Amino acid sequence: MSNTWSDGLKEATRKAFQDCRPISEEGCLHMKNNNGSFGTMRSVDLLDEKWLIKDKKAGAEYFFATIDALIAGGWAID
């Protein structure tokens, strides 16, 4: 697995947060991490600019102060 995402995916991630898309039918934004894990961000958190990702498998929650910090933490839209 790559240790970083492409510039295009990083920009698509920023745009997804700005546009609040693509929100799934479950009301969340699906995320992936370059360490191989996957997570979700609830649409209500996204709209409140609360950058909180919940790991799908482990259930751990990761909070970030900014979108750039989230991306630097290895997360991108899935």
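From a predicted model like this one, the values you see are computed outputs, not experimental measurements. What you see below is based on every heavy atom in this structure, not just the backbone, and it leaves out hydrogens, waters and symmetry mates. Each residue takes its place number in the sequence, starting with 1.
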Between Leu52 and Ile67, is there a shared hydrophobic cluster once you connect ILVMFWY residues whose side-chain heavy atoms come closer than 4.5 Å? no
Closest non-hydrogen atom pair between [X] and [Y], with its separation:
X: Ala16; Y: Ile77; result: CB-CG2, 3.7 Å
X: Trp5; Y: Lys10; result: O-CE, 3.2 Å
X: Met41; Y: Ile53; result: CE-CG1, 3.9 Å
X: Trp51; Y: Leu70; result: CB-CD1, 4.2 Å
X: Lys54; Y: Gly59; result: CE-O, 3.7 Å

Does Ser37 form a side chain to side chain donor-acceptor pair (under 3.5 Å) with Asn35? I'd like the steps, not just the answer. CA-CA 6 Å; Ser37 61; Asn35 68 10; 2.7 Å; yes
Report the distance from atom [atom1] of [X] to atom [atom2] of [Y], rounding to the nearest 0.5 Å.
X: Trp75; Y: Leu29; atom1: CH2; atom2: CG; result: 11.0 Å
X: Thr4; Y: Ile71; atom1: OG1; atom2: CD1; result: 10.0 Å
X: Asn33; Y: Lys56; atom1: CG; atom2: NZ; result: 12.5 Å

Main-chain N/O of Gly39 paired with Asp78 side-chain donor or acceptor, under 3.5 Å: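 No, because the side chain of Asp78 does not come within donor-acceptor range (under 3.5 Å) of the backbone of Gly39.
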Asp68 vs Arg14, side chain to side chain contact (heavy atoms under 4.5 Å, CB included): CA-CA, chis, key distance, verdict: CA-CA 8 Å; Asp68 287 332; Arg14 284 186 188 91; 3.0 Å; yes
If you draw a 6.0 Å radius around CG in Asp48, do more than 12 non-hydrogen atoms from other residues or ligands fall strictly inside? yes
Would you say the side chain of Glu49 lies within less than 4.5 Å of the side chain of Phe17, judging by non-hydrogen atoms?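 When only atoms from C-beta onward are counted, Glu49 and Phe17 do not touch, as no gap falls below 4.5 Å.
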